[in-house]
Amino acid sequence: ALYFFPVILIIGGGVAAITGLLVAIPSFKTRDDYLAIITIAANFIICSVFINLDFLGGARGFMGMKQIIFAMEDVLFLPWMLIWVFLFTFLSVFLIRRFVSSTFGKGIIAINQDEVAAEIMSVNTDKMKVVAFMFSSGLAGIAGGLFAHILGYINPNSFGILKSTECLVMVYLGGMGSLG
């Protein structure tokens with residue numbers, strides 16, 4: 001359980017990135033508020049799907065994540081969730097910094113400043129948007145996996161409009177485009 005836990009979190013991030021791809025493709029031509037509306041609609045669709053999947057607990061939710069934490073503590077008694085949260089936070093900040101300083105990151109910054117000018121400068125805006133959407137979805141998937149294991153119980157209603165609003169408030173109060 002100890003060595004398998006980060007692998008599971010990364011697989012969850014990969015599944016979230018693929019889901020982000022499925023949301024990003026139909027929303028290519030949308031901007032600003034309309035993109036937010038599509039994202040909220042995708043949130044409702046995904047929550048509805050999970051509510052109707054009985055093998056994942058359905059509306060009751062999914063329990064048993066605390067058993068994984070207890071199994072890790074049986075191997076070595078340490079505050080494992082605190083260690084994993086700090087480790088993945090450090091990894092996320094490192095990856096975001098590397099991404100922003102890469103060619104893709106420069107293209108995304110150009111798109112953020114002026115999308116038409118970025119297209120004129122031969123930036124493939126559709127590709128950049130998909131990469132950014134998948135990257136952020138993957139990191140959100142890893143964060144969701146950590147969140148679920150900290151709580152020990154998760155249900156689809158935990159990720160409703162209030163959780164989305166909470167995340168948006170964190171982004172706005174923390175400063176859009178800032179890393180620290």
Side-chain angles (χ1 to χ4, degrees), residues 6-53 56 84-148 154 156-180:
V7 174
I8 292 296
L9 283 180
I10 292 170
I11 289 171
V15 170
I18 291 169
T19 306
L21 174 68
L22 296 176
V23 172
I25 289 174
S27 60
F28 267 146
K29 301 299 176 192
T30 59
R31 289 190 176 97
D32 301 328
D33 296 337
Y34 298 109
L35 181 61
I37 291 169
I38 288 174
T39 306
I40 291 170
N43 181 13
F44 280 114
I45 292 168
I46 292 169
C47 283
S48 296
V49 166
F50 279 111
I51 285 173
N52 292 313
L53 291 176
L56 289 177
W84 291 123
V85 167
F86 278 131
L87 182 71
F88 277 103
T89 301
F90 175 76
L91 183 66
S92 295
V93 171
F94 175 76
L95 288 174
I96 292 169
R97 285 190 188 274
R98 295 280 297 175
F99 183 73
V100 168
S101 63
S102 71
T103 306
F104 276 105
K106 300 298 182 197
I108 290 170
I109 291 170
I111 292 169
N112 184 31
Q113 298 299 321
D114 189 353
E115 188 172 344
V116 174
E119 265 186 41
I120 292 171
M121 297 300 293
S122 75
V123 173
N124 187 348
T125 56
D126 289 342
K127 182 179 178 182
M128 297 290 179
K129 286 179 184 180
V130 168
V131 168
F133 216 92
M134 286 181 68
F135 183 68
S136 61
S137 297
L139 290 179
I142 292 172
L146 288 169
F147 177 72
I154 199 83
N157 294 325
S158 298
F159 297 99
I161 190 73
L162 289 176
K163 185 59 71 180
S164 298
T165 305
E166 183 181 318
C167 292
L168 285 174
V169 167
M170 284 188 248
V171 168
Y172 287 126
L173 291 179
M176 288 185 54
S178 69
L179 286 178

**Q** Measuring from atom CE of Met128 to atom OG1 of Thr103, what distance do you get when rounded to the nearest 0.5 angstrom?
**A**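 One gets 7.5 Å once the value is rounded to the nearest 0.5 Å.
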
**Q** If you take all heavy atoms of Cys47 and Pro156, which pair is closest and at what distance?
**A**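 Closest approach of Cys47 to Pro156: SG-O, 3.4 Å.
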
**Q** What heavy-atom pair brings Ser164 and Asn43 nearest, and what distance separates the two atoms?
**A**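 Reported closest heavy-atom pair: OG-ND2, 3.2 Å.
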
**Q** Taking all non-hydrogen atoms of both residues into account, name the closest pair between Ser137 and Ala17 and its distance.
**A**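 The answer is CB-CA, 4.0 Å.
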
**Q** Which distance, rounded to the nearest 0.5 Å, do you find between the CG of Leu91 and the CZ of Phe86?
**A**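 Reported value, rounded in 0.5 Å steps: 15.0 Å.
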
**Q** Measure across Gly141 and Ala16 and return the closest heavy-atom pair with its distance rounded to 0.1 Å.
**A**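 Nearest pair, atom of Gly141 first, then Ala16: CA-CB, 3.6 Å.
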
**Q** Going by heavy atoms in the side chains, are Ile96 and Val100 under 4.5 Å from each other?
**A**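 The answer is yes, as the side chains (C-beta and beyond) meet within the 4.5 Å cut-off.
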
**Q** Quick one: pull up CG in Asn124 and NZ in Lys129 and give me the separation to the nearest 0.5 Å.
**A**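 Going from the CG atom of Asn124 to the NZ atom of Lys129 covers 10.5 Å.
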
**Q** Using a 4.5 Å cut-off on heavy atoms from C-beta on, say whether the side chain of Ile108 contacts that of Asn112.
**A**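 Not touching, per the 4.5 Å side-chain cut-off.
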
**Q** First locate atom CD1 of Ile40, then atom OG1 of Thr165, and finally report the distance between them rounded to the nearest 0.5 Å.
**A**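 If I round to the nearest 0.5 Å, the distance is 7.0 Å.
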
**Q** Atom CD1 of Ile111 and atom CZ of Phe104: how far apart are they, to the nearest 0.5 Å?
**A** 10.5 Å

**Q** Under a 4.5 Å cut-off applied to non-hydrogen side-chain atoms, are Asn157 and Ile51 in contact?
**A**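 Side-chain contact under 4.5 Å: yes.
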
**Q** Kindly assign one of parallel, tilted or perpendicular to the pair Phe147 and Phe159, based on the angle between their ring planes and the thresholds 30° and 60°.
**A**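 Aromatic pair Phe147/Phe159 classed perpendicular.
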
**Q** Quick check: are there more than 12 heavy atoms from other residues, nucleotides or ligands sitting under 6.0 Å from CZ of Phe88?
**A**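 Yes.
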
**Q** Any heavy-atom pair between the side chains of Ile142 and Ser92 that's under 4.5 Å?
**A** no

**Q** What's the spacing between Glu166 CD and Ile161 CD1 if we round to 0.5 Å?
**A** 12.0 Å

